[in-house]
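What follows is a short report on a single structure.
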Amino acid sequence: MLRSIKGLKDILPQQTPQWRYMETIAHTLATQSGFSEIRIPIFEFTELYARSIGGSTDIVEKEMYTFPDRDGSSLTLRPEGTAGVVRAVLEHHLLDSPSTRKLYYLGPMFRHERPQAGRYRQFHQFGVEALGTEDPLMDVEVITLLWRFFCSLGLKDLTLQINSIGNLQDREKYIQELKRFLFPKLEVICGNCQRRYSTNPLRILDCKVPICQQATQEAPTLFDHLSLDSSSHFQSVLDGLTGIGIPFSLNYRLVRGLDYYSRTTFEITSPHLGAQSTIGAGGRYDGLVELLQGPSTPAIGFAVGLERVALLLPEQISFPQPPLFFLAGFGKEARPIAFKLLHELRELGIRADTDYKSTNLKSLLRSADKLGATYSIIMGDDEARSKTAIIRNMTTKTQELITLEEIAQKVQSLN
RNA sequence: GUGGGUGUAGCUCAGUUGGUUAGAGCGCCGGAUUGUGGAUCCGGAGGUCGCGGGUUCGAAACCCGUCACUCACCCCA
């Protein structure tokens, strides 16, 4: 049997209501907060991601779906949304406006990772980007939107963790100091962290191995190394969150994996998932626009992993639906008449269906039941000859004989 | 890339120290009810036991390999 590709999932009819639900709330809340939707291509030149995400990150080094185009140029399936949005914003001059540019997107992303709970090779993100201001109130607005998104979905027990990783200079100075601190402990920490010491020392701070946690207990914190600018900005963000009543917990060890992040970083986690507990995360990326050859433009955004959110949603989500009328036409003469009526009802905007596999009344009614019909319109050859039909209420089991002329009106009155 | 767990009907799973025809529940189809659904009862269809090799008189079971799924590491949303 042909199977789907590893790490790719079909979203089956049973689950699509969940997705519609998430998408509807995302559209509604983002729009309400003044964000406009942007739809960008699903693949770009590889260079865009290599430059923005960072050449030495795992994403770029080993997780991208990269392939040559027919002319030889290197293309990559988007592993995240921010880079593409910034590219589009620059290409279409969307920053030439006095106000902040606020955009949101929804769609699939691709990373070649080993699949596990809450982690897929094609996954979907809802993300927002606010470009053009470094006002801490924008940080608060973005974080609040993320928080409200989850609250509107009815998610429980969430934690918002927040930190400031400072600007590039802050971070470079700090990394020097951290390495100096860790150097004498290199023998003690786990093999992974020994490797991280040279590749990504910040990651050692959130290693889960107990020895490493112990070793870094007394480590200098990035927080203490923030420039005056960064730390007062961060304080304003925290004040803003407190003012609005969004609960947060400071996590001086919170680090982001993509190179473009700076200053405010945040992450929302749920205790009800497995190892992949982060359902939404983001932060400032004040240097990215410039890095992509745009004007110096501070910005902030977040991304939500929708598959992970779906895991937290009730399995059954149903939207209110208008009553369903089932056309139960059987017999040579009745079937074409019933089929025509089906079409006419649909034209009137009525939710109507039938089942061509069922040819006798018994199986037709069984189908009606399975489809959840509110009413069945029964029409056999007897009714066809007398130009009538029977309307059966499927819950009360009461039925009524009615002429074909009256039927449309009758159905509309029941709709 | 590394490690653990699991592969038996469409789905969820039993299957005794290796023993003859591999089971159940749900679902599906049919009948009881010749033109009236859901419940009940009865019947039926549906299986390369993941795949390949080995051990054995005999393998779904034991051994080796392989593939798939899954969880975790790593990384991240």
Side-chain angles (χ1 to χ4, degrees), chain A residues 1 3-7 9 12 14 53 56-64 79-82 106-127 146 149-150 190-193 195-196 199-200 203 206-209 254-258 261 266-270 273-283 301-312 326 328-331 334 355 357-384 390-399:
Chain A
M1 203 203 310
R3 315 181 110 270
S4 71
I5 296 167
K6 185 200 269 284
K9 288 274 167 289
L12 300 174
Q14 244 200 331
I53 297 169
S56 63
T57 58
D58 274 18
I59 295 182
V60 171
E61 268 187 348
K62 43 194 189 196
E63 294 177 0
M64 294 204 305
E80 55 101 45
T82 303
L106 225 36
M109 308 294 165
F110 306 85
R111 294 182 198 173
H112 186 104
E113 301 181 272
R114 251 333 242 284
Q116 73 188 68
R119 198 173 77 183
Y120 310 99
R121 291 185 176 178
Q122 175 178 339
F123 59 102
H124 296 76
Q125 289 189 334
F126 158 49
L146 177 62
F149 174 65
F150 293 134
C190 74
N192 249 320
C193 285
R195 185 178 48 80
R196 286 174 175 138
T199 58
N200 194 353
R203 277 278 165 210
D206 62 0
C207 180
K208 285 149 207 149
V209 179
L254 182 68
V255 176
R256 301 273 74 228
L258 285 63
Y261 283 114
F266 51 92
E267 191 166 306
I268 292 183
T269 56
S270 162
L273 293 170
Q276 265 62 45
S277 58
T278 302
I279 54 175
F302 69 65
V304 173
L306 294 177
E307 275 79 2
R308 292 180 188 176
V309 174
L311 289 173
L312 297 171
F326 183 90
F330 59 104
D355 173 33
K357 263 176 82 178
S358 311
T359 50
N360 58 52
L361 183 54
K362 185 192 177 78
S363 55
L364 279 164
L365 284 174
R366 200 184 304 138
S367 301
D369 192 54
K370 287 214 179 95
L371 293 173
T374 332
Y375 297 93
S376 288
I377 297 173
I378 299 170
M379 198 187 297
D381 285 347
D382 294 351
E383 288 78 15
I390 297 165
I391 296 192
R392 177 179 176 85
N393 181 320
M394 296 300 281
T395 37
T396 64
K397 296 182 167 196
T398 53
Q399 48 189 51

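Quick caveat, the model's predicted, so the values are computed rather than measured. In what follows, every chain begins at residue 1, and chains take the letters A, B, ... in the order their sequences are listed.
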- Task: Scan nucleotides 68-74 of chain B nucleotide by nucleotide, 5' to 3', and note B when protein non-hydrogen atoms come under 4.0 Å of the base, S if they reach only the sugar-phosphate, - if neither.
- Result: SSSSBBB
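Residue pairs meeting the side chain to side chain donor-acceptor pair (under 3.5 Å) criterion with at least one partner in residues 273-282 of chain A, sequence neighbours excluded, are A/Gln116-A/Gln276, A/Glu267-A/Thr278. Applying the salt bridge (Lys or Arg N to Asp or Glu O under 4.0 Å) rule to pairs touching residues 112-123 of chain A yields A/Glu113-A/Arg119, sequence neighbours excluded.
In terms of polar N and O atoms assigned as donor or acceptor, the side chain of A/Arg366 never comes within less than 3.5 Å of the base of B/G38 in a complementary pairing.
Considering only residues two or more places apart in sequence or on other chains, A/Phe302 meets the ring-ring contact (aromatic ring centres under 6.0 Å, His included) condition with A/Phe126. With sequence neighbours left out, the side-chain hydrogen bond (donor to acceptor under 3.5 Å, both in side chains) criterion links A/Asp381 to no other residue. By the side-chain hydrogen bond (donor to acceptor under 3.5 Å, both in side chains) test, A/Ser363 is found to be paired with A/Asn360, residues two or more places apart in sequence or in another chain being considered. Checked against ring-ring contact (aromatic ring centres under 6.0 Å, His included), A/Tyr261 has no partners two or more places apart in sequence or in another chain. Take A/Gln399 and apply the side-chain hydrogen bond (donor to acceptor under 3.5 Å, both in side chains) test, not counting sequence neighbours, and it matches A/Arg392. Every residue two or more places apart in sequence or in another chain was checked for a ring-ring contact (aromatic ring centres under 6.0 Å, His included) with A/Phe266, and none qualifies.
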For nucleotides 26-28 of chain B, list the nitrogen or oxygen atoms of the protein found under 3.5 Å from its nitrogen or oxygen atoms, one pair per line.
{"residue": "B/C28", "atom": "OP1", "partner": "A/Lys370", "partner atom": "NZ", "Å": "3.2"}

Grab the N/O contacts between the protein and nucleotides 43-46 of chain B below 3.5 Å, and write none if there aren't any.
none

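Under the 4.5 Å side-chain criterion, counting only non-hydrogen atoms from C-beta, A/His124 is in contact with A/Pro108.
For RNA chain B, if you chain together Watson-Crick or G-U pairs that step i with j, i+1 with j-1 and so on, the runs of at least three with distances under 3.5 Å are B:1-7 with B:67-73, B:10-13 with B:23-26, B:28-32 with B:40-44, B:50-54 with B:62-66.
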